[in-house]
Amino acid sequence: ETGVTQTPRHLVMGMTNKKSLKCEQHLGHNAMYWYKQSAKKPLELMFVYSLEERVENNSVPSRFSPECPNSSHLFLHLHTLQPEDSALYLCASSQTSGNYYEQYFGPGTRLTVT
Amino acid sequence: AQSVAQPEDQVNVAEGNPLTVKCTYSVSGNPYLFWYVQYPNRGLQFLLKYITGDNLVKGSYGFEAEFNKSQTSFHLKKPSALVSDSALYFCASRSARQLTFGSGTQLTVLP
């Protein structure tokens, strides 16, 4: 195990639902990330929380809303999603001091939007 | 802008043969390069990294990668492939506080 957990592992939701994905890291890191992985596409960085600063990919729709209450927990709130949002959502964490920025990933949440 | 490219979507190799998964990079300054592996229904797992020093980097599960500055490459290698090595492999480079990933190469090791 990598020290990064994600719940739920699988989620099926309708387009009018509201749900949240949760990520927790037990590594003492100070940065957390949300990625979207779709079939046959590169990994897409959605959001970064680093030292309490949020950095986001401007192409991410507003129906995705991140929340990082502390350095160990990260949420992704979902509302009025579209079928094309179906994908594997990966959380990662890293330590931003030094030169490494090696990221540790959780197992992902497989999201299906119906 | 920092970027990496994986020119092969799919690599097939027979069990016991050496394997190579290719990656080229385009970065300004000193490159910080990484390889990750993803098994089915799992997140990405760190394999190895190049920061500085020896051009041959050794990592987990018997994998190694060779940093070649003149060819701007960072190919992943293993002397003898196992069926259990079949997975999706990602090359990545560090840019600012983030990693930029390649598109991935599906490695299939045939028994």
Side-chain angles (χ1 to χ4, degrees), chain A residues 1-10 21 23-25 27 29-57 87-112, chain B residues 1-10 23-53 57-61 63 65 67 74 87-106:
Chain A
E1 298 300 325
T2 62
V4 181
T5 58
Q6 290 186 241
T7 54
R9 293 293 308 275
H10 300 272
L21 310 184
C23 176
E24 185 173 359
Q25 59 97 359
L27 301 169
H29 289 164
N30 63 359
M32 297 187 77
Y33 311 77
W34 278 117
Y35 288 89
K36 177 182 179 182
Q37 187 178 26
S38 304
K40 301 188 185 300
K41 291 185 178 180
L43 225 60
E44 176 187 354
L45 178 64
M46 300 176 72
F47 301 101
V48 181
Y49 276 88
S50 175
L51 300 172
E52 301 181 0
E53 175 190 10
R54 182 174 114 184
V55 177
E56 58 189 90
N57 181 338
L88 182 68
Y89 289 84
L90 295 166
C91 173
S93 70
S94 74
Q95 187 62 29
T96 57
S97 59
N99 291 323
Y100 302 146
Y101 295 87
E102 182 178 315
Q103 293 183 13
Y104 292 82
F105 284 78
T109 295
R110 174 69 64 185
L111 174 66
T112 303
Chain B
Q2 320 285 348
S3 66
V4 290
Q6 294 179 245
E8 301 162 317
D9 291 339
Q10 174 81 41
C23 173
T24 59
Y25 66 89
S26 173
V27 302
S28 56
N30 295 323
Y32 297 127
L33 302 168
F34 303 79
W35 275 102
Y36 283 80
V37 61
Q38 184 178 29
Y39 297 100
N41 301 314
R42 302 287 294 275
L44 277 67
Q45 297 178 32
F46 169 76
L47 274 181
L48 52 80
K49 66 189 175 201
Y50 172 83
I51 304 298
T52 187
V57 179
K58 294 191 182 297
S60 306
Y61 312 121
F63 283 94
F67 174 73
F74 187 57
L88 187 58
Y89 291 81
F90 291 94
C91 180
S93 68
R94 196 203 90 182
S95 58
R97 296 177 179 171
Q98 305 165 14
L99 293 181
T100 300
F101 288 86
S103 55
T105 298
Q106 180 67 49

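In this text, all values refer to a predicted model and were calculated from it rather than measured experimentally. We name chains A, B, ... by the order of the sequence lines, and we start the count at 1 in each one.
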Original post:
Using non-hydrogen atoms only, which part of Tyr36(B) is less than 4.5 Å away from chain A: side chain, backbone, both, or neither?
Top reply: side chain
**OP:** Give a yes or no on whether the backbone of Gln10(B) and the side-chain of Glu8(B) come within a donor-acceptor separation of less than 3.5 Å.
**Re:** no
Original post:
Of the backbone (N, CA, C, O) and the side chain (C-beta and beyond), which part of Gln6(B) lies under 4.5 Å from a heavy atom of chain A, both, or neither?
Top reply: neither
Original post:
Can you list the residues that meet the side chain to side chain contact (heavy atoms under 4.5 Å, CB included) rule with Arg9(A), with sequence neighbours excluded?
Top reply: Pro107(A)
**OP:** List in chain and number order the residues that pass side chain to side chain contact (heavy atoms under 4.5 Å, CB included) with Cys23(B), two or more places apart in sequence or in another chain; answer none if no residue qualifies.
**Re:** Val4(B), Trp35(B), Cys91(B)
Original post:
Is it the side chain or the backbone of Gln6(A) that comes within 4.5 Å of chain B heavy atoms, both, or neither?
Top reply: neither
Subject >> Ring centers of Phe74(B), Tyr25(B) separated by less than 6.0 Å >> reply: no
